[in-house]
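The next block holds one structure in the form of structure tokens; read it before the comments.
Quantities reported herein were computed from a predicted structural model and do not represent experimental measurements. Labels below follow one simple rule: chain letters A, B, ... track the order of the sequence lines, proteins then strands, and each chain is numbered from 1.
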Amino acid sequence: AQSVTQLDSQVPVFEEAPVELRCNYSSSVSVYLFWYVQYPNQGLQLLLKYLSGSTLVESINGFEAEFNKSQTSFHLRKPSVHISDTAEYFCAVMKTSYDKVIFGPGTSLSVIP
Amino acid sequence: DVKVTQSSRYLVKRTGEKVFLECVQDMDHENMFWYRQDPGLGLRLIYFSYDVKMKEKGDIPEGYSVSREKKERFSLILESASTNQTSMYLCASTPRRRYEKLFFGSGTQLSVL
């Protein structure tokens, strides 16, 4: 069975500073990887995904994540955060044979002015 | 844009009551899901459905049932609500074999007193 670990439950960071949200997964089969974001009082929405090809994937709002198969990681990074990035971030995994999506416990990112 | 609508944003119920949570999607998606979201635990899958009148248990189905009589509507039923079912409930949908992008509703915060 797949599982997802997000070691940091809360990450406070000053505005314009860089941030990394860590995600590790365990799976005996090939997987697809995702980051979802939940802004305050909203539902989750897909931020970025890795299905195949380049191991570095980017979102439209400046986040990027790199799939590292040897370390079974999919860390999310942004070189300079904004107040509007304050949200809950969930890493998720799905078998490439298609199946339900398994979510991690989430990381709460708080951007401090 | 896909819209997934959950009928109530907040619900307060008493222990032992039968509770219905309704979810409607407007994009003709075959797959629909019910998750519960709890702090530190992330999202956990309760039930999902691949088609009308079809349902599959997720990771935590105990104490819940579901109904899918029409393609656009997926109902979650708490037969006899208990305090440990106090949680945020999220509905999601995807097209057939396109699980890589879940479309989420904004959630129902259920409090069982």
Residue from B:Glu56, B:Arg9, B:Arg44 scoring the most non-hydrogen pairs under 4.5 Å with chain A is B:Arg9
Heavy-atom distances under 4.5 Å only: say whether B:Gln37 touches chain A with side chain, backbone, both or neither.
-> side chain
Correct closest heavy-atom pair for B:Ile77 and B:Lys18 would be CG2-CE, 3.8 Å
Show your working on side chain to side chain contact (heavy atoms under 4.5 Å, CB included) between B:Leu110 and B:Thr86 and close with a plain yes or no.
-> CA-CA 5 Å; B:Leu110 173 67; B:Thr86 291; 5.8 Å; no
With A:Tyr36 as partner, the option from A:Phe63, A:Phe103, A:Phe90 fulfilling ring-ring contact (aromatic ring centres under 6.0 Å, His included) is A:Phe103
Is it the backbone or the side chain of A:Gln38 that comes under 4.5 Å from a heavy atom of chain B, or both, or neither?
-> side chain
Is the gap between the ring centers of B:Tyr89 and B:Tyr35 under 6.0 Å?
-> no
In Å, rounded to the nearest 0.5 Å, how long is the span from CD of B:Gln25 to SG of B:Cys91?
-> 8.0 Å
Which atoms of B:Leu90 come close to chain A, meaning under 4.5 Å heavy atom to heavy atom: side chain ones, backbone ones, both, or neither?
-> side chain
Most contacts with chain B, counted as non-hydrogen pairs under 4.5 angstrom, among A:Pro105, A:Gly104, A:Ser9, A:Ala92 | A:Pro105
Between A:Asn41, A:Thr107, A:Val4, A:Ile102, which has the largest tally of heavy atom pairs under 4.5 Å with chain B?
-> A:Asn41
